[in-house]
Amino acid sequence: MIRVTLPDGSAREVARGTTPADIAAAIGPGLAKAAIAARVDGELRDIMRPIEADAQLALVTNRDEADALELARHDFAHILAEAVQALFPGTQITFGPSTDDGFYYDVMAPASRGPFTMDDLPAIEEQMRAIIRADKPLRREVMARDTLIATWQNARESFKAEWAAELPEGQELSVYWSGDDWMDMCRGPHLASTGKLDPAAFQLTRVAGAYWRGDQKNPQLSRIYGTGWLNKKQLDAHLVRLEEAAKRDHRRLGQDMDLFHLQQEAHGSVFWHPNGYLIWRELESYMRRAIDNAGYKEVKTPQVMDARQWEQSGHWGKYRANMFVIPDEVPNVDDEGPVISGDADWMALKPMNCPAHVLIFRQGIKSYRDLPLRIYENGCCHRNEPHGALHGLMRVRQFTQDDAHIFCREDQIVAEVQDFCALADRIYKEFGFTYSIKLALRPEQRFGSDADWDKAENELRDAVVHAGLATEEFGWEELPGEGAFYAPKLEWHLTDAIGRTWQVGTIQSDRVLPERLDASYVGEDGARHRPVMLHRAIFGSYERFIGILIEHYAGRFPVWLAPVQAVVATITSEADGYAHDVTAKLKAAGIRVEADTRNEKINYKVREHSVAKVPHLLVVGMREAEEGKVAIRSLGSDGQRIMTLEEAIAMLSHEATPPDIR
RNA sequence: GCUGCUGUAGCUCAGUGGUAGAGCGCGUCAUUGGUAAUGACGAGGUCGGGAGUUCAAUCCUCCCCAGCAGCACCA
């Protein structure tokens, strides 16, 4: 007999080999029906898997949503693989995990038919539903490693065989049978049978290429994605969320609102239109006020520097593939012959600003009294990103960072990082973001000694701990191996209005670059010392941050950021004179306002400016003209507010004032 | 960079082996209207670029470019 303790503290003596399902049945028929899996000593397990020793047992039902979703999605993935093999014999299976909103499975289509496409999805979905309706039992079986390898080889499943062969020898491997005719190697757990899934709660969404084991050198597989839920209601809610996200897509809104455009002759670089650049300019002014108040000095550094400079900084060796290089010579202007000779010296567009800031630091002799020295730049950088990586404003080849480097002594690091945390906190909140902070630790490939890395990681961690931000509430997390090659990173991950996260801000403590570029200051002792260099950014880049803001606000910018803050729209042409008068007074008050005196009906104007997401529409007809008033209709509300022109100017001026100087 | 898909008017898209069409937008005219589309008329396109097949290519084939989705990458 073994002793099984339930969450309420009660214990039962049961025979060894009793399953959680047996125990659920003993407790009551309701629970027996609802229980879909079990946590045995905290580990999620099959409901039918026998318990072999004394254990803590918690039965899992659909109310334990996280566990239930995980189980369902994992099962959907298996059923997807089974369906694909049933429909397309000769398909090899590989892996199929659950994801944040569903599942995928990587398969290798038979050579005879080529990769799967979207057109294949409806038939696969139908087959999956058939498997679910068949309510096939999902049975766990433990197999010896060698037996399993042989099984896979016989089935001509070379990927599975390869994987099994890499697992430790002698290990017992579990497989799951779906009925008696299909099985996959899997750690589990799974639901008791395919019929536990809701056949209306999933949808296959797309198919894409993915490398075997994530390595570009390996064969490319077809990855079939699906979204999966516990019931149709959840699925529908998810599809609505996807639509909402699509409506906010910054590429679409950027075009609709005439903010910017991209075109193939300059792919990866942005053409900012007047409306979009107004947002940029507001952000730039905002950031200048912030860094001026925080004791930074703004600089501007060269766009192009000699390759030798990049060799010294280490970028030429490691990151040349992502740099735009140009020859240092006058091009051949003859019609015949090559434009460049090929034996000129090389220069490169800067992919980052740090070396240039070190060069400014190195001018003259710095004393410990000069530290911390905070050098800021709206630094325009170029990186030759792989074509497939480019994405609207989010990933571009030319971008401008709100970049600063703080040169300081070791004993100043923690205070500087804490100040930065406070600055970032204020700024992100003013844009309406919540955030989490994560610490990216040393990567495998790195410069510098382990002792330095220990120090650097501890300093960043300490600063966040002292700032009281290293808590679960702030999503504190440490990410092994994710740091930069020269330094660990603190990363700020913003959560936007619909719950998506974006990594933007960062601060990194770097001892490598000051060493490589020989930066030093004279200490109190009269000797030369190395400063530590803190790399930091809050927006990350203006391009990307604006892209995030567009999606965060769904194009409905707060008044201070809105390209057009108000439109004065006339009802009849008799009010044109008054409308121009109102417009001039608002302009004089610093409001970005336009007059709409076109020969159109007021309905039409209301619709058009609402669609254009203008925050305030000031409607004027003869009534308003005679009384010196305006009828304000604000975006997102149906009603209007009548107020005097003076009141309207006061209100708009207040809203148009950036939050940091309100 | 890899796989798949896509590229037709300013935008969203339809269409055909015999030199192109809609809606919106734009222009002109009429209309002066009270809070989400007034009506009529009109002007716009070497159908992404190049080569090939064909009597004839926007349509078929090949190459290139860009975009989209995913992967890989993201100092």
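A note on names: the letters A, B, ... follow the listed sequences, proteins ahead of strands, and every chain is numbered from 1. Atoms considered below: every heavy atom in the structure, side chains included; atoms not considered: hydrogens, waters and symmetry mates.
- Comparing B/G4, B/G33, B/A75 by their nearest atom to the side chain of A/T117 picks out B/G4.
- The CD atom of A/E624 sits 11.5 Å away from the CG atom of A/L645 when rounded to the nearest 0.5 Å.
- Side chain to side chain, A/E377 and A/T301 meet the donor-acceptor criterion of an N or O pair below 3.5 Å.
- Judged by distance alone, with hydrogens and angles left aside, A/Q220 brings a side-chain donor or acceptor within reach of the base of B/C2, the pair sitting under 3.5 Å.
- A side-chain N or O of A/N353 and one of A/D403 form a donor-acceptor pair less than 3.5 Å apart.
- Of the candidates B/A75, B/U38, B/A66, B/A66 carries the atom nearest the A/H267 side chain, counting heavy atoms from C-beta on.
- Only the P atoms considered, B/G39 is 24 Å distant from B/G21, to the nearest whole Å.
- Not a single donor-acceptor contact under 3.5 angstrom links the side-chain atoms of A/E608 to the base of B/G25.
- For A/K489, whose side chain is taken as the heavy atoms from C-beta onward, the closest listed nucleotide among B/U35, B/U38, B/A75 is B/A75.
- Here B/C71 is the nucleotide among B/C71, B/U35, B/U32 with the atom lying nearest to any side-chain atom of A/A210.
- Put simply, the side chain of A/D596 gets close to the backbone of A/R598: a donor and an acceptor are under 3.5 Å apart.
- Looking at A/R395, its side chain comes within 3.5 Å of the base of B/C74 through a donor and an acceptor atom.
- No N or O donor and acceptor, one from the side chain of A/Y211 and one from the base of B/G70, sit under 3.5 Å apart.
- The side chain of A/R383 sits closest to B/A75 out of B/C2, B/A75, B/U38.
- Comparing the same atom, P, in B/A9 and in B/A14 gives a spacing of 12 Å after rounding to whole Å.
- Using the Watson-Crick or G-U wobble rule with both distances under 3.5 Å, B/U3 pairs with B/A69.
- Nearer to the 5' terminus of RNA chain B, by closest-nucleotide assignment, is the contact made by A/G214 (compared with the other of A/G214 and A/Q508).
- Look at the P atom in both B/U58 and B/G48: the space between them is 10 Å, to the nearest Å.
- Comparing B/C73, B/A66, B/U32 by their nearest atom to the side chain of A/Q264 picks out B/A66.
- For A/R320 against B/A75, no side-chain N or O and base N or O form a donor-acceptor pair under 3.5 Å.
- Looking at heavy-atom distances under 4.0 Å, A/R251 makes contact with sugar-phosphate atoms alone, never a base.
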